[in-house]
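In what follows, a single structure is set out as structure tokens and then discussed.
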Protein chains: 2
Amino acid sequence: MRIGELAARAGTTPRALRYYETRGLLPARRDAQGHRTYGEDDLRLLRQIHALQAFGFGLEETRPFVECLRAGHPTGDTCPASLDVYRSKLAELDACIAELNAVRETVRERLLLASASAAPEPRCELVPPQTDREETEPCSTPRPMSPR
Amino acid sequence: MRIGELAARAGTTPRALRYYETRGLLPARRDAQGHRTYGEDDLRLLRQIHALQAFGFGLEETRPFVECLRAGHPTGDTCPASLDVYRSKLAELDACIAELNAVRETVRERLLLASASAAPEPRCELVPPQTDREETEPCSTPRPMSPR
DNA sequence: CTAACCGTTGACGTCGGCGTCAACGCCAGC
DNA sequence: GCTGGCGTTGACGCCGACGTCAACGGTTAG
């Protein structure tokens, strides 16, 4: 299997696979023409990578999982190094969530205070809220649920 | 007041102020030597900018607040445009927090499942947890609480 | 023969908010 | 005159995960 086919089957692009290779994450054999050649196993590795990326894992963080799979384990998270990544990710998420909640509360307070003082006389105006709902792009840091 | 002094008083750098100017966020007058000149008002604008940045607001999002202040209002969030930013930020935060919570739960489940199957015999090993606490850098997207 | 299509490497662009460096100007003090 | 300190503009670097383009090569189908 060559790069185009693997990319299509994995739902990604040749460019991404080449990038992974430069990072040492997904090395490829070469055929007589110098073209990259992959096996079925590589498809599993790619699926692992994408599953973790969808959760906001960085490429480096997927490495233990990928190597774990390549070592022959049934799943990528069978190895201790992968569990460590899980744990540090959990801690990171907890810290992030706590911080965002704190910010959220502060912003909410400010909004209430400001909208109160901005309307000197609370006229109970019930303006129909929003006619159109814009898709506001959410959290991008661990950025899960990327388009495509 | 020139750029170095204002930067020092605002706790930022000349580079940042020049950048703001290129963005049209903080225009400056010039003296005979071509040096940027600022007034006391600009210090207030800068404080507003930094306060919002500490909450994870992007520079563009601070613009309504800054213009509100320049329009002579007592606070930056007196104007409707600023309130809109507050509201959209709240929505963004809510979406982000919800997403992160979902990811957190999934990761936690995975960790439990994997650590359970990784230890075929739950040997109740009570290894002393962590000897050193590494400062894991938290959420960077709305990235509040930046260093300095 | 030529076009279509797949592959290769290399380099630059993207996004935000500046940091850092280069090369220069102007003014004060010794 | 020389040094130090402040200012100016312009350009490149950073970080992550690629997208996009350029210029090239090899295989296959018409």
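Proteins come first, then strands; the chains are lettered A, B, ... in the order of their sequence lines, and each starts at number 1.
- OP1 and OP2 of dG25(C) both lie 4.0 Å or more from every side-chain N or O belonging to Gln33(B).
- In summary, of the residues considered (Ile49(B), Leu45(B), Leu43(B)), a side-chain contact (heavy atoms from CB on, under 4.5 Å) with Arg47(B) occurs for Leu43(B) alone.
- If you measure from atom CG of Asp31(B) to atom C1' of dC6(D), you get 12 Å, rounded to the nearest angstrom.
- Of the candidates dT8(D), dC26(C), dT9(C), dT9(C) carries the atom nearest the Arg30(A) side chain, counting heavy atoms from C-beta on.
- The side chain of Gln53(A) lies closest to dC18(D), out of dC18(D), dG7(D), dG19(C).
- The side chain of Thr13(B) places no N or O atom within less than 4.0 Å of a non-bridging phosphate oxygen (OP1 or OP2) of dC18(C).
- Side-chain rings of Tyr86(B) and Phe55(B) stay apart, their centers remaining 6.0 Å or farther from each other.
- Within a 6.0 Å radius of CZ in Arg110(A), no more than 12 heavy atoms belonging to other residues, nucleotides or ligands are found.
- Residue Arg36(A) places its side chain closer to dT8(C) than to any other of dT8(C), dA17(D), dG7(D).
- Annotation: side chain of Val107(A) is in contact with side chain of Phe57(B) (closest heavy-atom distance under 4.5 Å).
- Separating the CG atom of Leu46(A) from the P atom of dC18(D) is a distance of 10 Å, rounded to the nearest angstrom.
- Arg18(A) comes within 4.0 angstrom of a nucleotide base, judged by non-hydrogen atoms across all strands.
- The side chain of Tyr20(B) lies closest to dC18(C) when the candidates are dC18(C), dT27(D), dC26(C).
- Rounded to a whole Å, the CD1 atom of Ile3(A) is 15 Å from the C1' atom of dC5(C).
- Minimum atom distance to the side chain of Arg15(A) is reached by dC12(C), of the listed dG17(C), dG19(C), dC12(C).
- At a threshold of 4.0 Å, the pair Arg30(A)-Glu21(A) counts as salt-bridged, since one of the basic side-chain nitrogens sits closer than that to a carboxylate oxygen.
- Whole-Å rounding puts the Glu21(B) CD to dG10(D) P distance at 12 Å.
- At whole-Å resolution of the value, CG in Leu52(A) and P in dG16(D) are 17 Å apart.
- Across the protein-nucleic acid pair, Leu26(A) atom CG and dC18(D) atom C1' stand 15 Å apart, rounded to whole Å.
- Rounded to an integer number of Å, the gap from His35(A) NE2 to dG26(D) C1' is 6 Å.
- Between the C1' atom of dG19(D) and the CG atom of Leu17(A) lies a distance of 14 Å, rounded to the nearest Å.
- In the set dT27(D), dC18(D), dC18(C), dC18(D) carries the atom at the smallest distance from any side-chain atom of Ala16(A).
- When each of dC18(C), dC18(D), dT8(D) is scored by its nearest atom to the side-chain atoms of Tyr19(B), the top-ranked nucleotide is dC18(C).
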